[in-house]
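In what follows, a structure is listed as structure tokens, so that the remarks can point back to it.
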Amino acid sequence: MPKILKNLEVVESKSKDAKAEVEAVVSSVTIAYVFTKYHVYLKPEQYESLLKCLRLPPDKEVCSKFKKSVIEYDDKILNSFKEIIVQFYQRRSETESLVDSFLLALPLLHFLRQESTPFEDVSCKNPVRFENWSWWGLEKMPYLKIRTNITARARVPQGSILGPLLFNLFINDLPCIPLNSELESYVDDSKLFLSFCIGKLQDVVTTVNNDLFTVATYLSNNCLLANPDKTKIMFFGTQQMLKHIPADTSFTFLGKTVQPVQNAKDLGLIMDPSLSFDEHIKQSVSSCMKKLHQVNRIKNLFRQSTLEMIIRSYVFSKLFYCSTVWSSTSQKNICKLKTV
């Protein structure tokens, strides 16, 4: 359709002609209205082109002119415009490639429903939840299929070169979410820190629970999942201070009770409440000894230089892992390491 292609050219052009953009959008809405009402057949590429024309740019001048233009329409037709975008898309919902084009039409849909204007922040009025299909304009459409198509565009491909960078950008504001605790992240491994006095333990439990709820809400709103089964709580302090913490102290995360633990692995380093690293040294020595026994079985098959290289990469890498962190451990643990 020549008119659709012409409107698309105007909408996608970088020129700042507000009048031409408004005419193209109004014309496209009218075309979609007529085609839907009278069941006019369009090819998939024509559907996609017309949906791309239903794009209202975040420009106050364009929006103001558009508002003046649509006011001239009869109320009955104007009300039809509000649903015509969804109905028009619904006729071709089986075409996955149209999802992106439909998302471009969302600002226009919200504007016609008087829910927001494209130059305002929608979340300032009502926080948008991903499962709120009315906000997406999909309340009468195949939810599961559309949800699959939309969520597929909110994920980072595993194993891709840019995956880690894109994921870090995606969760870049996560450390700002907790209200009272400090949050540090290494890729998808995040930790909350909070210093407190023993006398304020009950207040701390409430504070941490609130921060955990805030973080879980943020993750849910951004299509991310938190795993309460992998969540661990640990108190750090001297032996005298730790004795004053009741054994029944617990926290709540996503409806599950989380009890403080005595050992927790963080990026391969086993932590304990007093930072003695006894368990880490114990497991490291055990693992290194097992590896040395395996190397001992094949020592006659390689030259000495090759064996040294194998031991350095296979045993010493494990033995000295994070040594700058646990180097202040007890003399007893140092003696254990020397046995290797």
Roughly how far, to the nearest 0.5 Å, is [atom2] of [Y] from [atom1] of [X]?
X: S305; Y: I310; atom1: OG; atom2: CD1; answer: 9.5 Å
X: K336; Y: Q331; atom1: NZ; atom2: CD; answer: 12.5 Å
X: L192; Y: I177; atom1: CG; atom2: CD1; answer: 11.5 Å

State whether the side chain of [X] and the backbone N or O of [Y] hold a donor-acceptor pair below 3.5 Å, judged by distance alone.
X: N296; Y: L292; answer: no
X: S220; Y: A216; answer: no
X: S323; Y: F320; answer: yes
X: T217; Y: F213; answer: yes
X: S287; Y: S284; answer: no
X: S313; Y: M309; answer: yes
X: S286; Y: K282; answer: no
X: T231; Y: N227; answer: yes
X: W326; Y: S276; answer: no

Any side-chain heavy-atom pair from [X] and [Y] closer than 4.5 angstrom?
X: E308; Y: I311; result: no
X: I4; Y: S28; result: no
X: N210; Y: L179; result: no
X: V10; Y: V25; result: no

Within 6.0 Å of [atom1] in [X], more than 12 heavy atoms from elsewhere:
X: Y186; atom1: OH; value: no
X: E9; atom1: CD; value: no
X: E182; atom1: CD; value: no
X: K290; atom1: NZ; value: no

Return the orientation label for the F235 and F196 ring planes: parallel under 30°, perpendicular over 60°, tilted otherwise.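 Rings of F235 and F196: perpendicular, over 60°.
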Would you call K256 and D229 a salt bridge, taking side-chain N to carboxylate O under 4.0 Å as the test?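 Salt bridge present between K256 and D229.
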Indicate whether the side chain of [X] and that of [Y] have a donor and an acceptor atom separated by less than 3.5 Å.
X: D272; Y: S274; result: yes
X: D278; Y: N333; result: yes
X: N7; Y: S27; result: yes
X: S181; Y: D211; result: yes

Check step by step if side-chain contact (heavy atoms from CB on, under 4.5 Å) holds for L269 and V325. CA-CA 9 Å; L269 181 67; V325 179; 3.6 Å; yes
Pair R303, T306 - check side-chain contact (heavy atoms from CB on, under 4.5 Å), show working. CA-CA 5 Å; R303 291 177 297 182; T306 305; 4.2 Å; yes
Taking it one step at a time, do V205 and F251 satisfy side-chain contact (heavy atoms from CB on, under 4.5 Å)? CA-CA 6 Å; V205 172; F251 298 80; 4.0 Å; yes
Taking it one step at a time, do I233 and Q259 satisfy side-chain contact (heavy atoms from CB on, under 4.5 Å)? CA-CA 7 Å; I233 300 287; Q259 299 282 353; over 6 Å; no
